[in-house]
Each structure stands twice: as structure tokens, then as C-alpha cells.
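One structure below.
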Amino acid sequence: MPKPIVLIAEILSPATIDALGGDFEIRQTEGADRSQLLNDIVDADAILVRSATQVDAEAIAAAKKLQVIARAGVGLDNVDVPAATSAGVMVVNAPTSNITSAAELTMAHILGSARYFGAGNTSLKAGEWNRKKYTGVELYEKTLGIVGLGRIGGLVAERAKAFGMRLVGYDPYITQARAAQMGVEVVDLPGLLAVSDFVTVHMPKTPETTGMISTEEFKAAKPGARFINVARGGIIDEEALAEAVAAGEVGGAGIDVWSTEPPEHSALMELDAVNVTPHLGASTAEAQEKAGVAVAKSVRKALAGELVPDAVNVAGGAIHEDVRPGIPLAERLGRVVNSLADSSVTHFKVEVNGEIADKDVSVLKLSALKGLFRDVVSDQVSYVNAPLLAEERGIGVELVTDPYCESFRNVTRLTATTSEGQRISVSGTVTGPKLVQKLTEVNGFDLEIELTDNLLIFRYEDRPGIIGQLGQALGANEINIAGMQVSPSATDNDALSVLAVDSAVSEEVVKAVAGAVNASAFSGVSLNED
Ligand SMILES: NC(=O)c1ccc[n+]([C@@H]2O[C@H](COP(=O)([O-])OP(=O)(O)OC[C@H]3O[C@@H](n4cnc5c(N)ncnc54)[C@H](O)[C@@H]3O)[C@@H](O)[C@H]2O)c1
Ligand SMILES: O=C(O)[C@H](O)COP(=O)(O)O
């Protein structure tokens, strides 16, 4: 049988090809060359792009076998998602692959505009020695206005804080509590412009945000403020910016993204106080590797007929972006339940609590079931066959949602009853811009520990010295502890310890360690991917 064809339309990290593996025929094309693209896409099963390839309705219609469009990055501005959906083509991206790189480039632009990096560099290379002209300002104790407090805005806040900046932010879609967590004071846009020495934008480009910072906003801004755009071209109106800088109203700017790429005859190019970069936000070795590997994995899954967590439109039905991070979490929690179960599960409940409860979260039930079965059946468990496996085994499955969630934005809680009457519960959440998975509860014991690949769980009668005994017993078996959480019971004298360890621990060793602390219940959980 011929191998499926994966068409790579832009330069991607070599790690992408390694992660695709040997199951595909990999072809290269030049995505920016329209006629070459339309010719080469015809028999492709999957296409991998960055932002320079227009995968529009025409390209999708030309692609007779296409099953997946993979964007090795975040923005889908160059992909016609509705056209892909109506053609039954899955679209995937790599939503967190380049956020750190984009946040770091933002800091580079903030610093660069504060210190005339571009102009100083050009001037010195032209043989001048002009120290006075390029006297800048410090960031320390200046105010940074962040417009858009999402993933990248949050990472910028974290970094700017380290420079001693005061942070104000505007984002009508996030809660005060979330902004407070970031150390950002929420204000309205005029309020932000009035007090900010630097303004940086981190929103998507939408009809609402296009041209959101323009002549009026420059006039309302603090005189001499500097403006940074590492988000999307046109959120800051380039022509109005050039005029405001030339008029001395705006002190400087750092622009990475352009309303037309590459930009044509922009007046910004002529201005000393404006530093420019050619859309380099994601252009680091790390971001490219992360993006390439993430989409390669998604392509493998998509072509194997599995549900893909990073898909933005699955089988015509979209998974909301706030629900997507919960998919791998639910699967891993399902695996934890399976590890804790002493006998077969007869009833399985998936509770989704918090802000995502009003979205369609049925995929989380499928994912949790997939996790429950993944380590116990020899067949490849998919989102499609997991419910069938439950039915075959007579497992009653329920999904319950509740928008109320006390401690986190969202928590997924799985409870299971086994044929021997054992009751198991585990809860988890996904936190921060890096979407860190956390275990927040096991069998009624509240915790907060990263859901790493190898965990050990011990329940015992609480008494002094146990932590030392656990450490000693694990050390004697050459097991390194990477993290630990102890949770005393609210109802009896027991405590539960969850330890994150560096490698999988054999059942024999887990038993020996449990014996050393006289544990009444214990489990070794291994969530390795292989
Ligand atoms: N330069 C680059 O190479 C590069 C790299 C990665 C991402 N990006 C771009 O950076 C931007 C931010 O990415 P992200 O991952 O942080 O996105 P995100 O979705 O995590 O955050 C966007 C934030 O903008 C807010 N927002 C939406 N409309 C708004 C409005 N009208 N006013 C104020 N806030 C509004 C949202 O509530 C959200 O909190 C996107 O445009 C993305 O395409 C650029
Ligand atoms: O949307 C993105 O991921 C960034 O703008 C990066 O785009 P790029 O992959 O073309 O550099």
C-alpha cells in the first residue's frame, strides 16, 4: 500500500521529520509559490505550514485527498478554517509552542526601543560615534501597559516585573482575579494609555482589534510613550504610528508584525526611533522544534483516525480552545484511576467543574475513558472505540458539569467504583500559560502537585517521621524524589503522600517502601507515553 503523503510547505525544524517517523512519504514544496503549491497539494494527505502559505478555499478545493492541515505555530490567519471544515479537513496548530519566544522578543523590543538599539547599531556600523543622540530611558519603575492578557501577555507581565516595572493591563475578556494573579492592575484602554510609558499589544487580530491603536490613541497616550507590536500586523495602525513618531508624540516603537508581510514602503522604516523585525517572534530553534514536533504528532494521530487534542475543528464540530488543554489531562487522570483500581471498574463518572462547564466538554469524557483503558487493553484505544469498550465491559459512564469551582478556573474530577466496592476519585487541573497539568485531589485528599510521568501514592496513619522514612526507603532503592505533597485527612488520622519521582518504580519496590511506612494503601503510577 502506498504511504500517505505529507507535504511540507515551509522550512520547519528537522525534528519535525524525525517526529513524523517513517510511515509517510514526505514531500517538500514552496508554499509561497502559488502555482507550485496548487500543483503539489493535489495528492497530499497532510500539509504542514507556517504563516507564509495561504491554505485558502482554492488550495483546499485543489487538494483531493487532504485530511489534515497542520500549522506549525499559533496563528491560523493563513488557513481558511471554515473551508477546511466544510471539506471535512482537520486543522491543527501548536498553540503554546512559541509563546515564550514571542514574549522574549517582546522584551527585546521593549528594551530595544528604550535604548535605541537599532539606530545605535546602524549608526556605529556607518562609522559614527554618537553617544549623546542615543540616550535612552530605564525600564525600572516605568509603567508597562499590556493590552491582551492571554498567554503571551501573561509571560510578558512576568518578565517585565523582574525589571521593576509597574504593570497595568486591558483585556475585557479576563477576570480581575486572573489579572491580579499576573500582578497586573486592570484598567480601561484610555486609562492604560494615560499612564503607560510602554504599551505592548498581545491580542488576536479581529475586526475589533484591527487598528485598535491609532491616531486617537496616540494622542491620548502619555507623551513620549513607546509602542510594541509582536502580535499581529495592523493592530497598531502603522501609518498613524509613523506620523505620531515623526511628530514626536510617540517616543518610539518596536514592530515585529506587519499589516502586509513583507511590508511595502512603510514610513516606519525611515524612523530612527522605530526598531523593526521581520516577524521573528517564533523564529527560535526552541519554538520551531516545539511547533514542528507538536504538529508532527498531531498529523500522525489525525492520519491514524484518532482524535487530535490540538485540532481546532474536529469532524466539523469544533472543540472550544478552553476545553482543549483538558483533553490530555483527562486522559492522564483516567490512567491514574486505572492505576489505583484494585479490580475492574463498574461505574465511571467524569465531572467537569468551572468556567468550561458551559462548553461542550463531552470530549473530556471520551478522553478520560481512553485513559482508563489505555494501559489495560492491547488494542489501540481511540476516542471512537473507548465508549464501545466501556459498553462491552458493562461500565456505566456519566458526565456531569458544574460551573462552580472553588479553587481553580477548571477542575476535572473522575470517580470510579470497582467490582470489589472500592471507590476512587482523582481530580486535576491545567494551570498557567504553559498549561501545566496538576493533580489536585486523590481519594478526598486535597493536593497540588504536577502530574508528572511517575508518581508514588501512599496512605498511612499520620505520625512524625514519615517523610524521612519515605525518603530513606526510596533513597535505599536509588529513587530520586523530584517533588512531594503531603495531605492530612480532614476526617480521620490518616495522611496521603504523593511523590513525583524521576523514573518508573517496580511494584516490588513500591511494596517495600509502603511496608517501611506501614501504608494502608499505596500505588505506583506510571504515565510514560511508551
Ligand atoms: N510575532 C510572532 O511571531 C507571534 C508568535 C506567537 C503569537 N503571536 C500573536 O500574539 C498574539 C497573542 O497570542 P496569545 O497566544 O497570547 O493569545 P491568547 O489567545 O492567549 O491571548 C489573547 C488575549 O487577547 C485578549 N483580547 C481579545 N480581544 C481583545 C480586545 N479587544 N482588547 C483587549 N484584549 C483582547 C483575549 O481576551 C486574550 O486574553 C496573537 O495575535 C498571536 O497570533 C505572534
Ligand atoms: O502565529 C504564530 O505562530 C506566529 O506569528 C509565528 O508565525 P511563523 O510560524 O510564521 O513564524
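When a ligand or atom number is given, it counts from 1 through the structure's own listing order.
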- prompt: With a cut-off of under 6.0 Å to the ring centre and 45° to the axis, is R226 in cation-pi contact with Y116?
  reply: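 Positive - R226 is close enough to the ring of Y116 and near enough to its axis.
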
With the threshold set at 4.0 Å, does a side-chain nitrogen-carboxylate oxygen contact exist between [X] and [Y]?
X   : Y    : answer
D45 : K64  : no
K65 : D43  : no
D23 : R300 : yes

Only heavy atoms of [X], strictly under 4.0 Å: list the atoms of ligand 2 that pass.
X    : answer
S51  : 7 (O), 8 (P), 10 (O)
A282 : 6 (C), 11 (O)
R50  : 8 (P), 9 (O), 10 (O), 11 (O)
H279 : 4 (C), 5 (O), 6 (C), 7 (O)
G73  : 3 (O)
G75  : 1 (O), 2 (C), 3 (O)

Would you check if the side chain of [X] reaches a backbone N or O of [Y] as a donor-acceptor pair within less than 3.5 Å?
X    : Y    : answer
D171 : L149 : yes
T96  : K434 : no
K370 : G334 : no

query: atom 2 (C) of ligand 2: which protein heavy atom is closest, and how many Å away?
result: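 Going by distance alone, atom 2 (C) of ligand 2 is nearest to R71 NH2, 3.0 Å.
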
query: What residue and atom, counting heavy atoms only, is the protein's closest point to atom 3 (O) of ligand 2, and at what distance?
result: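 Ranking protein heavy atoms by distance from atom 3 (O) of ligand 2, first comes V74 N, 2.6 Å.
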
task: Of the side chain and backbone of D77, name the one, both, or neither that has a heavy atom under 4.0 Å from an atom of ligand 2.
output: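 None of D77 does.
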
Which N or O atoms of ligand 1 sit under 3.5 Å from a protein N or O, and how far apart is each pair?
| from | atom 1 | to | atom 2 | distance (Å) |
| --- | --- | --- | --- | --- |
| ligand 1 | 1 (N) | V230 | O | 2.9 |
| ligand 1 | 1 (N) | D256 | OD2 | 2.9 |
| ligand 1 | 3 (O) | H279 | NE2 | 3.3 |
| ligand 1 | 3 (O) | G281 | N | 3.4 |
| ligand 1 | 3 (O) | A282 | N | 3.3 |
| ligand 1 | 15 (O) | R151 | NE | 3.1 |
| ligand 1 | 15 (O) | R151 | NH2 | 3.3 |
| ligand 1 | 16 (O) | R151 | N | 3.3 |
| ligand 1 | 16 (O) | I152 | N | 2.8 |
| ligand 1 | 20 (O) | R151 | N | 2.9 |
| ligand 1 | 20 (O) | R151 | NE | 3.1 |
| ligand 1 | 31 (N) | E208 | OE1 | 3.4 |
| ligand 1 | 37 (O) | D171 | OD1 | 2.8 |
| ligand 1 | 37 (O) | D171 | OD2 | 3.1 |
| ligand 1 | 39 (O) | G150 | N | 3.3 |
| ligand 1 | 39 (O) | D171 | OD2 | 2.6 |
| ligand 1 | 41 (O) | M203 | O | 2.7 |
| ligand 1 | 43 (O) | R232 | NH2 | 3.2 |

- prompt: Does CD in E355 sit with more than 12 non-hydrogen atoms of other residues, nucleotides or ligands closer than 6.0 Å?
  reply: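 Correct, the count exceeds 12.
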
- prompt: Is there a side-chain contact between N78 and R71, using heavy atoms and a 4.5 Å cut-off?
  reply: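 Touching, per the 4.5 Å side-chain cut-off.
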
message: Taking the ring of F227 and the ring of F218, is the distance between their centroids below 6.0 Å?
response: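 Yes, close enough.
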
query: Is the closest heavy-atom distance from R232 to ligand 2 below 4.0 Å?
result: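 Right, R232 reaches ligand 2.
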
- request: For the pair L193 and V199, evaluate side-chain contact (heavy atoms from CB on, under 4.5 Å) and give the outcome as yes or no after the intermediate values.
  value: CA-CA 7 Å; L193 292 167; V199 176; 4.3 Å; yes

